[in-house]
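Please read the structure below before turning to the comments.
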Amino acid sequence: MQKFDVVIIGGGVIGSSTAYFLSANPDFSGSIAVVEKDPTYAEAATPRSAGGIRLQFSTAENVLISAFGAAFIKAADEHLSVGNERAGVEFREQGYLFLATGAGLKTLLNNQRLQHELGAATQLLSTQELSNAFPWLNTLDLAGGSFGPVNEGWTDPYSLLQAFKRKARAQGVTYLNDTVVGLGCGGQHVNEVLLASGESLHCGTAINAAGTNGRTIAAMAGIDLPVHSRKRYVYVFDCRDEIENVPLTVDPTGVWFRPEGTQFITGVSPEEQDDPDSDDFELDYHLFEEIIWPTLANRVPSFEAIKLVRAWAGHYDYNVFDQNVIVGRAPGYDNLLLANGFSGHGLQQSPAIGRALSELVTFGQYRSLDLRRFGYDRLLTGAALKEINVV
Ligand SMILES: Cc1cc2nc3c(=O)[nH]c(=O)nc-3n(C[C@H](O)[C@H](O)[C@H](O)COP(=O)(O)OP(=O)(O)OC[C@H]3O[C@@H](n4cnc5c(N)ncnc54)[C@H](O)[C@@H]3O)c2cc1C
């Protein structure tokens, strides 16, 4: 049986960030293994992500988590280069723009106040200011918007994942291509991680970073996680007109769009009652034709004549309890940590969550950012910490 001080289950952006931060931590000198069942990441969430980073959240921790994420990604070369090989992670700081009708304006105002208190540069814009800043936008049915010009934009998810992984490996982390099929538990302790190959890994600490499979892994330790696999679509389209200075824009209907090279990508999250659990990758073109395109055409007149080029589907590890991550010690265990239920925010949260987990393992507590409110305990007390800005 091989022995590792830390075994991370899942080598997506969360598992790989955790492996990087732990192996970079000067106070940690143990051995680390990441078990990843598919090193091509064909079905994982990370490469299917839109890569958006924003500080415009309604939960204080999420604002601070993304602020660290943005700063980290901007300095990716400093942190993640290996020898002469640059990290190759770009940050397009083109901003996020949330639009509101009269009904949504108060929420934007409340969120902006919180974000300001936490150091974010979010600006509230009147319809006139919106028209001046973004002349391609139809503001007739709007009451205003909030724009985050600093530390908001997008990055390439796959590059970030690969950069974390490359650096973690260079710092001594072992990646194993295998599938976790069980946890050998005794009392409050996970003793071993059982693999499909028949091997088992003796572990000091086990970390569940298995994305949409996190619920299954938790169940291996008898823990119930309210994390479900929910399908989301991303559509790529061409626009004949050239429009410039387009942030990631979120329409009051929830339809979002942003530039992607010379094209655009777009999507929308469904209503809760229309969001079944799903693990297939089947595409829904009706959603684009009937909901998204008309919304785009209303919001941006130049989008009346667009051409759908392609689309893909991916899955959120969706926390049905309150749409916020569940991170920290698993209930009833002294050496099992959770990082599950990112609900569509995990890419931007990966640096801060990796750092937080490395602190929990090394010091037994958070040092940089107190994430205790995101612990499993809130599920036991029923005290939901609802994030209302879910895109
Ligand atoms: C369409 C879409 C758009 C998104 N847009 C954004 C965005 O704009 N901004 C943002 O911040 N986030 C976004 N997200 C969310 C973000 O992609 C995820 O939160 C993040 O990638 C989660 O990373 P992860 O490492 O937890 O999961 P994953 O990337 O899914 O990695 C989990 C890994 O665990 C492995 N695994 C699972 N079970 C086992 C097992 N039993 N044994 C071994 N390995 C196992 C899997 O193979 C997988 O590689 C989006 C997601 C989707 C689907």
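In each ligand, atom 1 is the first atom listed, and ligand 1 is the first ligand listed.
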Note: N340, heavy atoms under 4.0 Å from ligand 1, region reported as neither
Output for pair (S58 OG, L114 CG), nearest 0.5 Å, gives 8.0 Å
among protein heavy atoms, the one nearest atom 6 (C) of ligand 1 is S49 OG, 3.2 Å
Contact region, H315 to ligand 1, non-hydrogen atoms below 4.0 Å, reads backbone
Is I53 close enough to touch ligand 1? Criterion: a residue heavy atom under 4.0 Å from a ligand atom. no
In ligand 1, the atoms that come under 4.0 Å of a heavy atom of V35 are 43 (C), 44 (N)
Of all protein heavy atoms, the one nearest atom 7 (C) of ligand 1 is G52 N, 3.3 Å
* For ligand 1, is D178 a contact, meaning one of its heavy atoms is under 4.0 Å away? -> yes
The option among A45, S17, G214 carrying the non-hydrogen atom nearest to atom 30 (O) of ligand 1 is A45
What do you reckon, are the aromatic ring centroids of F147 and F98 less than 6.0 Å apart? no
Between the CH2 atom in W154 and the CD1 atom in I53, the distance rounded to the nearest 0.5 Å is 10.5 Å
Of all protein heavy atoms, the one nearest atom 42 (N) of ligand 1 is V180 N, 2.9 Å
Among non-hydrogen protein atoms, atom 2 (C) of ligand 1 lies closest to R48 O, 3.5 Å
In this structure, atom 33 (C) of ligand 1 is nearest to the protein heavy atom E36 OE1, 3.4 Å
Margin query: Would G314 count as a polar contact of ligand 1, with the cut-off being nitrogen or oxygen pairs under 3.5 Å?
Written below: no
Task: Close N or O approach (G346, ligand 1; < 3.5 Å) - done: yes
For A209, the ligand 1 atoms with a heavy-atom partner under 4.0 Å come out as 32 (C), 34 (O)
Next item on the list: Verify whether the ring centers belonging to F281 and H315 lie closer than 6.0 Å.
Entry: yes
Any nitrogen or oxygen of H345, main chain or side chain, under 3.5 Å from a nitrogen or oxygen of ligand 1? yes
Quiz item: Can an N or O of W312 be found at a distance shorter than 3.5 Å from an N or O of ligand 1?
Solution: no
Per-atom filter on ligand 1: closer than 4.0 angstrom to a heavy atom of G10 are 33 (C), 34 (O), 35 (C)
Does G15 reach ligand 1 with a nitrogen or oxygen that is under 3.5 Å from one of the ligand's nitrogen or oxygen atoms? no
If I apply the N/O under 3.5 Å rule, does I14 come out as touching ligand 1? yes
When you compare the side chains of E359 and S368, does any donor N or O come within less than 3.5 Å of an acceptor on the partner?
yes
One finds that the ligand 1 atoms under 4.0 Å from a non-hydrogen atom of Y41 are 49 (O)
One finds that the ligand 1 atoms under 4.0 Å from a non-hydrogen atom of V234 are 1 (C)
Within 4.0 Å of some non-hydrogen atom of Q348, the atoms of ligand 1 are 9 (N), 10 (C), 11 (O)
For atom 45 (C) of ligand 1, the closest protein heavy atom turns out to be K37 CG, 3.7 Å
What do the steps show when you test E61 against D370 for side-chain contact (heavy atoms from CB on, under 4.5 Å), and what is the final call? CA-CA 8 Å; E61 285 86 342; D370 186 354; over 6 Å; no
Has ligand 1 got any nitrogen or oxygen that is less than 3.5 angstrom from a nitrogen or oxygen of P47? no
**Message:** Within the 3.5 Å criterion, strictly below it, is a donor on E289 or Y285 matched to an acceptor on the partner's side chain?
**Reply:** no
Practice prompt. I would like to know whether L183 and I9 meet side-chain contact (heavy atoms from CB on, under 4.5 Å); could you show each step before the answer?
Written response: CA-CA 11 Å; L183 298 175; I9 303 165; 4.0 Å; yes
Compute the ring centroids of F72 and H79, then answer whether they are less than 6.0 Å apart. yes
re atom 3 (C) of ligand 1, the protein heavy-atom contact at minimum distance is A50 N, 3.4 Å
In short, R48 meets A313 closest at the heavy-atom pair NH1-O, 2.6 Å
Note: ligand 1 atoms sitting under 4.0 Å from heavy atoms of F342 are 19 (O)
Step through it carefully: locate the ring centre of F257, locate the ring centre of F303, and say whether they are under 6.0 Å apart.
yes
Atom 31 (O) of ligand 1 has as its nearest protein heavy atom G12 CA, 3.5 Å
In ligand 1, the atoms that come under 4.0 Å of a heavy atom of N213 are 37 (C), 38 (N), 39 (C), 41 (N)
Would you say T122 and Q112 are linked by a side-chain donor-acceptor pair, where the criterion is simply a distance under 3.5 Å?
no
| Between E152 and Q56, do the side chains contain an N or O donor and an N or O acceptor separated by less than 3.5 Å? | yes
With sequence neighbours left out, the residues meeting side-chain hydrogen bond (donor to acceptor under 3.5 Å, both in side chains) with Y376 are none
Any side-chain to backbone donor/acceptor pair from T40 onto D38? Under 3.5 Å, distance only. no
Q. Does the side chain of S146 pick up a donor-acceptor pair with the side chain of Q123 at under 3.5 Å?
A. no
